[in-house]
Chemist: 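Before I ask anything, let me first share the structure, which is written out below as structure tokens.
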Amino acid sequence: MMDMSWEFVLRIFVAAILGGVIGLEREYRAKEAGFRTHFLVALGSALFMIVSAYGFEDVVSLPGHRLDVSRVAAQVVSGIGFIGAGTIIFHKSENAVRGLTTAAGVWVVAAIGLACGGGMYVLAIAATILVLAGLEAFNYFLHKFDKHRVDKG
């Protein structure tokens with residue numbers, strides 16, 4: 001079990017780092033949720049996944065008991081919506097909604113944490129790269145669009 005404990009530590013460590021990297025991008029852009037939020041969501045999601053999959057082995061070994069490890073992961077997915085909703089703000093004066101990208105970022109960071117908790121490092125790293133690429137591409141095109149709109153206005 002000691003070897004597996006170090007594997008679990010590695011899983012939450014990788015999740016925290018990947019979530020933190022996305023959080024740094026959000027922090028740099030001065031968004032509603034930054035490094036600490038993304039770091040903690042990824043770490044917590046990984047920990048929930050590990051506890052769900054391995055924390056009840058004593059119960060599973062008892063006759064007549066069945067365990068569905070996906071139940072905790074499913075609750076992370078729905079529960080993270082509560083945190084994400086806190087980042088979404090409607091500005092009446094501007095008639096605009098702000099924070100949707102950050103909320104989606106928190107949601108995907110939870111998924112990355114779950115993937116790390118499940119030991120799927122390559123998938124989690126690929127998702128992190130795609131998230132960062134998507135955020136940067138969005139930012140690039142947004143600046144191009146704004147520049148184009150200003151030039152015409």
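The figures that follow rest on heavy atoms only: side chains count, while hydrogens, waters and symmetry mates do not. The structure displayed is predicted, hence computed values, not measured ones.
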Chemist: Under 4.5 Å between side-chain heavy atoms, counting indirect links through other Ile/Leu/Val/Met/Phe/Trp/Tyr residues: same cluster for L47 and V76 or not?
Modeler: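 As far as the 4.5 Å side-chain criterion goes, V76 and L47 are not connected within one cluster.
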Chemist: Quick check: is I83 connected to V131 through a chain of hydrophobic side chains (ILVMFWY, heavy atoms under 4.5 Å apart)?
Modeler: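 Yes, V131 connects to I83 through the hydrophobic network.
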Chemist: Taking atom CG of L40 and atom CG of L43, what is their separation to the nearest 0.5 Å?
Modeler: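 If I round to the nearest 0.5 Å, the distance is 7.0 Å.
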Chemist: To the nearest 0.5 Å, how far apart are CZ in R98 and OG1 in T87?
Modeler: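 It is 13.0 Å, given to the nearest 0.5 Å.
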Chemist: Nearest 0.5 Å please: distance from the CD1 atom of I17 over to the CD1 atom of I22.
Modeler: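 Here the interatomic distance stands at 12.0 Å.
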Chemist: Side-chain heavy atoms nearer than 4.5 Å, only ILVMFWY residues, links allowed to pass through others: does that put L10 and I125 together?
Modeler: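 In one cluster: yes.
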Chemist: What's the spacing between I80 CD1 and F48 CZ if we round to 0.5 Å?
Modeler: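 Going from the CD1 atom of I80 to the CZ atom of F48 covers 9.0 Å.
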Chemist: Please find the pair of heavy atoms, one from A15 and one from A46, that lie closest to each other, and give the distance.
Modeler: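 Taking every non-hydrogen atom into account, CB-CB, 3.6 Å.
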Chemist: How long is the straight-line distance from NE2 of H38 back to CG of L24, given to the nearest 0.5 Å?
Modeler: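 Result: 10.0 Å between the selected atoms.
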Chemist: For W107 and V77, what are the C-alpha separation, side-chain angles and deciding distance, and is it a side chain to side chain contact (heavy atoms under 4.5 Å, CB included)?
Modeler: CA-CA 7 Å; W107 181 70; V77 173; 4.0 Å; yes
Chemist: Test side chain to side chain contact (heavy atoms under 4.5 Å, CB included) on V72 and V51; report intermediate values, then the result.
Modeler: CA-CA 9 Å; V72 172; V51 170; over 6 Å; no
Chemist: Could you give me the CA-CA distance, side-chain angles and deciding distance for L130 and V108, then say whether side chain to side chain contact (heavy atoms under 4.5 Å, CB included) is met?
Modeler: CA-CA 11 Å; L130 285 170; V108 77; over 6 Å; no
Chemist: Assess the side chains of R26 and T102: does a donor N or O sit below 3.5 Å from an acceptor N or O?
Modeler: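 Indeed, the side chains of R26 and T102 share at least one donor-acceptor pair under 3.5 Å.
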Chemist: Tell me whether L123 shares a hydrophobic cluster with L114, the cluster being built from Ile, Leu, Val, Met, Phe, Trp, Tyr side chains joined at under 4.5 Å.
Modeler: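 No, L123 does not connect to L114 through the hydrophobic network.
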Chemist: What are the two closest non-hydrogen atoms of E27 and F35, and how far apart are they?
Modeler: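 What the structure gives for the nearest pair is OE1-N, 2.8 Å.
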Chemist: Ignoring hydrogens, what is the shortest heavy-atom contact between A124 and A115? Give both atom names and the distance.
Modeler: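 Looking at all heavy atoms of both residues, the closest pair is CB-CB, 4.1 Å.
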Chemist: One pair to check against salt bridge (Lys or Arg N to Asp or Glu O under 4.0 Å): E7 and R11. What are the steps and the verdict?
Modeler: CA-CA 6 Å; E7 170 65 22; R11 290 178 186 193; 3.0 Å; yes
Chemist: Is there a side chain to side chain contact (heavy atoms under 4.5 Å, CB included) between T101 and L135 once you walk through the steps?
Modeler: CA-CA 8 Å; T101 302; L135 290 171; 3.5 Å; yes
Chemist: Hey, could you give me the SG/CD1 distance between C116 and I50, rounded to the nearest 0.5 Å?
Modeler: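 Reported value, rounded in 0.5 Å steps: 9.0 Å.
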Chemist: Going only through I, L, V, M, F, W and Y residues with side-chain contacts under 4.5 Å, is there a path from F13 to F8?
Modeler: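 No.
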Chemist: Is the closest basic N to carboxylate O distance between R29 and E25 below 4.0 Å?
Modeler: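 Yes, R29 and E25 are salt-bridged.
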